[in-house]
Amino acid sequence: MDLTRIRPKTLARRWQVDDLSVTELCLEAVRDGLLESRWDILCPRCRGAQLSSFALDQLPTEAHCLSCNIHYDRDFARNVELSFHPSPAVRPVPQGEFCLWGPMSTSHVKLQVAVDPGQTRTLPFSPADGPYRYRTLETGGQRDVEIRGAAPAAIVADGEVLTGAAGETGTISLENQGSTRRTVVIESRAWVEDALTAHAATTLQAFRDLFSAEALHPGDQVSIAQIALVFTDLKGSTALYERIGDAAAYHLVREHFAFLAGIIRQNRGAIVKTIGDAVMAAFAEPADAVRTALEAQARIAEFNRNLAREAGVDGGEDAVVLKIGAHAGACIAVTLNDRLDYFGSMVNLAARVQGLADGGEIVLTAGLAADDTVAPLLTRSVSESAAVRGFEAPVPVVRIGPATG
């Protein structure tokens with residue numbers, strides 16, 4: 001069972017190491033023929049991989065779970081998981097479940113109890129704090145809850161699941177207000193945190209480097225509920241070319257791409273493409289995007305000094321001056337020029353916001369800056385509204401000036 005679906009984040013937790021390193025290890029192992037990768041559309045209830053594909057462009061857009069009797073759509077950020085298993089040349093591993101309801105398959109199910117019509121049952125229940133789902137074994141509704149301490153009561157009616165007041169710590173109340181016998185199921189949703197979703201995988205630099213041919217089927221598109229994009233550009237690049245010559249400037253620009261790629265990769269992002277002197281990078285988490293922008297600006301002077309010393313490119317400490325913009329929001333993933341790319345007004349705004357930045361500055365949209373994971377990272381910033389080409393109303397932004405001292 002451990003080898004049927006190898007999950008990098010689970011391994012990282014067991015080995016007590018960084019999950020990004022384990023994910024990159026698995027991706028390298030696929031390239032070297034030790035592992036094979038597979039895209040699974042997981043059932044949101046039983047966690048079963050109802051449909052799988054060895055290529056992203058062959059993954060269906062929807063699936064149906066016969067065991068749970070539910071139909072659901074493909075969602076890159078929620079139920080499409082990249083998993084791994086040994087190459088048959090290394091070790092053949094039979095596919096399939098020995099028992100769908102066995103403890104190895106359903107370790108996330110913490111309680112499953114039948115309740116008669118009109119009955120209320122109070123049972124021992126001491127779950128760890130975290131996300132849970134209340135549902136019924138029969139076709140019906142479901143309710144996602146966050147348990148902290150005492151668990152809220154689970155109330156089932158005909159076709160819906162509700163929550164009630166929490167009882168004593170260490171117990172849970174199950175109430176059936178419907179007209180038929182129902183089986184209440186309470187399952188932990190913590191397993192979702194261990195899933196390497198398609199959204200997270202495709203925004204990793206290692207994935208794009210090793211599997212650049214992985215893309216959606218031409219004409220296919222996937223809605224992404226939230227992605228963070230960072231755009232960078234150089235200030236005064238034309239003057240730089242004139243000052244140090246085309247060859248030296250080109251070398252400097254290429255080295256600056258490598259400098260940014262290293263920071264982006266360390267912060268769990270990926271370069272989507274370069275356009276002239278500009279870079280477009282994608283991140284699954286907003287905080288990772290902002291950390292990348294802050295780190296790039298903090299380290300650019302050192303990059304200039306090292307490049308001048310090691311490569312003999314005399315551009316001065318301000319040879320490369322970055323202008324950075326970032327925004328987060330919904331968009332669609334598509335295939336452009338045989339590579340996975342992103343499209344939509346959100347992408348346009350991210351690019352336009354970068355154009356508001358001056359040399360050494362970072363400009364974030366106000367919504368990104370207000371994100372709970374981003375706000376603690378901003379120690380110096382100025383809020384303003386700016387006119388953005390292509391957008392009628394002024395856009396609220398947060399400007400982060402160059403560090404001083």
Side-chain angles (χ1 to χ4, degrees), residues 1-2 5 7 9-14 16 19 42-48 65 67-70 72 75 77-79 81 97-195 197 225-226 285 287 370-373 375-376:
M1 288 297 296
D2 286 341
R5 187 191 299 166
R7 310 177 86 196
K9 291 186 177 182
T10 303
L11 281 184
R13 190 175 63 252
R14 291 179 182 176
Q16 297 182 340
D19 66 275
L42 304 180
C43 171
R45 286 195 170 186
C46 69
R47 300 192 311 171
C65 180
S67 301
C68 300
N69 192 28
I70 60 171
Y72 53 95
D75 187 326
R78 292 180 179 271
N79 63 9
E81 179 181 19
E97 304 279 357
F98 176 73
C99 175
L100 177 63
W101 303 113
M104 290 295 291
S105 302
T106 58
S107 58
H108 63 299
V109 176
K110 303 304 180 183
L111 183 145
Q112 182 170 314
V113 177
V115 183
D116 291 326
Q119 184 183 25
T120 298
R121 299 182 63 175
T122 300
L123 302 171
F125 187 58
S126 301
D129 290 349
Y132 289 81
R133 172 170 291 165
Y134 291 6
R135 64 178 179 88
T136 58
L137 187 62
E138 303 79 12
T139 301
Q142 61 187 37
R143 181 77 56 174
D144 289 348
V145 299
E146 189 77 19
I147 294 181
R148 292 286 184 267
I155 303 171
V156 298
D158 292 327
E160 64 177 345
V161 177
L162 307 171
T163 57
E168 296 182 3
T169 301
T171 68
I172 188 170
S173 175
L174 311 178
E175 181 180 354
N176 184 356
Q177 297 180 351
S179 57
T180 59
R181 180 182 173 92
R182 306 294 293 276
T183 303
V184 178
V185 178
I186 299 179
E187 57 190 21
S188 170
R189 296 285 295 162
W191 67 271
V192 176
E193 299 175 0
D194 278 348
T197 64
Q226 176 169 277
E285 299 297 333
D371 184 275
D372 290 341
T373 62

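Just so you know, these numbers come straight off a predicted model, no measurement behind them.
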- Would you find a donor on one side and an acceptor on the other, under 3.5 Å apart, between the side chain of R121 and the backbone of N176? no
- Rounded distance [0.5 Å steps], NZ in K9 versus CD in E81: 9.5 Å
- Do T183 and Q112 have side-chain atoms, one donor and one acceptor, less than 3.5 Å apart? no
- Item | Main-chain N/O of E138 paired to R182 side chain as donor or acceptor, under 3.5 Å | no
Listed pairs under 3.5 Å, donor-acceptor, residues 163-175 side chains, sequence neighbours left out:
{"from": "T171", "atom 1": "OG1", "to": "E168", "atom 2": "O", "distance (Å)": "2.8"}
{"from": "E175", "atom 1": "OE2", "to": "Q177", "atom 2": "NE2", "distance (Å)": "3.1"}

- Item | Heavy-atom pair of closest approach, residues S188 and Y132 | CA-CD2, 3.6 Å
- Where is the tightest heavy-atom contact between P117 and G178, given as atom of each residue plus distance? CB-O, 3.5 Å
- Starting from the C-alpha separation in whole Å, work towards a yes-or-no answer on side-chain contact (heavy atoms from CB on, under 4.5 Å) for V115 and V156. CA-CA 9 Å; V115 183; V156 298; 5.7 Å; no
- State, to 0.1 Å, how close E146 and G130 come at their nearest heavy-atom pair, and which atoms those are. OE2-C, 3.5 Å
- Message: How close do R13 and D194 get, counting heavy atoms only, and between which atoms?
- Response: NH1-OD2, 2.5 Å
- Item | K110 NZ to E187 CD distance, which is reported to the nearest 0.5 Å | 10.5 Å
- Got a sec: does the CG of D129 have more than 12 other heavy atoms crowding it under 6.0 Å? yes
- Determine, stepwise, if the pair D2 / R14 fulfils side-chain contact (heavy atoms from CB on, under 4.5 Å). CA-CA 12 Å; D2 286 341; R14 291 179 182 176; 3.9 Å; yes
- Message: Applying side-chain hydrogen bond (donor to acceptor under 3.5 Å, both in side chains), can you list everything that pairs with E285, at least two apart in sequence or on another chain?
- Response: none
- Between the CG atom in L111 and the CD1 atom in I186, the distance rounded to the nearest 0.5 Å is 5.0 Å
- Using atom types as modelled and distance alone, determine if a side-chain donor or acceptor of Y134 lies under 3.5 Å from a backbone N or O of P152. yes
- Message: If you count every heavy atom of other residues, nucleotides or ligands that lies below 6.0 Å from R189 atom CZ, does the total exceed 12?
- Response: yes
- Message: How long is the straight-line distance from CD1 of I155 back to CD of E160, given to the nearest 0.5 Å?
- Response: 10.0 Å
